[in-house]
Amino acid sequence: MPEGHTIHRLAADLTPLLVDRMVAVSSPQGRFAADAALVDGCVLERIEPYGKHLWFWWGNGLVGHVHLGLFGRFRISTTGPSSRHAVRMRLATPEAIVDLSGPTDCSIGTADDRDRIVARLGPDPLRRDGRQEEAVARMLRRRTPIGTLLLDQSVVAGIGNVYRAEVLFVHGIHPARPANECTADELGAVWDSVRAMLRKGVRDRRIVTIDRRLLPTGRRLRRGDSTFVYHRERCLRCDTPIGTVTLGGRPCYFCPSCQPH
DNA sequence: CGTATATGGATAC
DNA sequence: TATCCCTATACGT
């Protein structure tokens, strides 16, 4: 679930439920209990998404940090606590209960702590302050494979393994190509595409990158098809067997035919 | 019941 | 580069 679109979707969903309210903060599972006590009963002033990070600005000046990692998940209930799951953090108002399980990080810190983390993030395509030129500059000056850079949160914040593969496919770029062998126009187009993909992900609440205009006319889609190359056996466009190359420590799926060296 | 897998990332070497 | 952590789910036995 969690690439940047998930985080921005969560901020939009949780804000009307929790912001400007006094929130009971607890940790049924226990590991967040000491931190929870620091903000329990405070008014939540703002929920801020940035890349794959989520910050909770509390009325007493403290700032909660959540990073879902690979397994983290929020469950929202308006009818009572959802049992059965290990709940690291519970945010409760009279109207709603928000349960967080499995995060890589869930902690309470200061605004400075938040700033230090944001300082090492690249621009986020889903934020108003996300600047295309900044991301292009960060990529263009390096000869690192573009597939590695797109996964590097200090270059662009919010892209994960699915969007990286899909956006490179859409532009016909082999993931191992050194970033500085791309043109500025090309990299700008990659930014624009991934921003559009992420926005669609926020709207749909899931990743669907397929654009029928990029497929041969008459190509039949199977139920559940959502990507061109990610986690597929064969390319959705040309049926060539999909390859993978490990970049940034994780397999990057690509079509050897549509994305030649 | 066990095992494999997953859209992430920090840390140790 | 390797290892570990966090959790849920799908699937095989």
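Each chain gets a letter, A, B and so on, in the order its sequence line appears, and its residues count up from 1.
The separation of B:dA10 from C:dA8, taken at their C1' atoms, amounts to 22 Å, rounded to a whole angstrom. For the P atom pair drawn from C:dT3 and B:dA4, the interatomic distance equals 16 Å after rounding to whole Å.
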request  = Quick one: do A:Val245 and A:Phe254 satisfy side chain to side chain contact (heavy atoms under 4.5 Å, CB included)? Show the steps, please.
outcome  = CA-CA 8 Å; A:Val245 53; A:Phe254 69 100; 4.0 Å; yes
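Atom C1' of nucleotide B:dA10 and atom CG of A:Leu121 are separated by 14 Å, given to the nearest angstrom. For the pair A:Arg120 CZ and B:dT11 C1', the computed distance is 13 Å after rounding to whole Å. Atom CG in A:Asp105 sits about 16 Å away from atom C1' in C:dT7, given to the nearest Å. Across the protein-nucleic acid pair, A:Leu10 atom CG and B:dT7 atom P stand 19 Å apart, rounded to whole Å. Here the C1' atom of nucleotide B:dA10 and the CG atom of A:Leu70 are 14 Å apart, to the nearest Å.
Note on A:Lys52: a side-chain N or O is less than 4.0 Å away from OP1 or OP2 of B:dG9. Between A:His5 and B:dT7 there is no side-chain N or O to OP1 or OP2 distance below 4.0 Å. At the phosphate of C:dC6, OP1 or OP2 sits under 4.0 Å from a side-chain N or O atom of A:Arg31. Here A:His85 does not reach the OP1 or OP2 of C:dT7: none of its side-chain N or O atoms lies under 4.0 Å away.
Of the residues near DNA chain B, A:Phe71 and A:Leu151, the one whose nearest nucleotide (by heavy atom distance) lies more toward the 5' end is A:Phe71.
Looking at heavy-atom distances under 4.0 Å, A:Arg206 makes no contact with the nucleic acid at all. Within 4.0 Å of A:Arg9, counting heavy atoms only, lies no atom of the nucleic acid at all.
Among the nucleotides B:dT7, C:dT7, B:dG9, the one closest to the side chain of A:Gln29 is C:dT7. Considering only the side chain of A:Arg88, C:dC6 comes nearest among B:dG9, C:dC6, C:dA8. Listed candidates were B:dG9, B:dT7, C:dT9. Nearest to the side chain of A:Gln153 is B:dG9. Closest approach to the A:Ile207 side chain among C:dC6, B:dT7, C:dA8 is made by B:dT7 (side chain taken as heavy atoms from C-beta onward). Of the candidate nucleotides B:dG9, B:dT7, C:dA8, C:dA8 has the atom lying nearest to any side-chain atom of A:Arg73. Of the candidate nucleotides B:dG9, B:dA6, B:dT7, B:dA6 has the atom nearest to the side chain of A:His231.
Electrostatic pairing of A:Glu3 and A:Arg164 does not count as a salt bridge here, judged by no charged N lying under 4.0 Å from a carboxylate O. A:Asp211 has no carboxylate O lying under 4.0 Å from a charged side-chain N of A:Lys200, or vice versa, which leaves the two without a salt bridge.
Each of A:Leu91, A:Val87, A:Leu54, A:Leu68 was checked for a side-chain contact (heavy atoms from CB on, under 4.5 Å) with A:Leu100, and the lone residue meeting it is A:Leu68.
In this entry B:dC13 has no Watson-Crick or G-U wobble partner, no candidate having both defining distances under 3.5 Å.
A:Arg232 places a side-chain N or O within donor-acceptor distance of the main-chain N or O of A:Arg234, the cut-off being under 3.5 Å.
In plain terms, the two heavy atoms of A:Asp40 and A:Ala24 that are nearest each other are OD1-CA, 3.3 Å.
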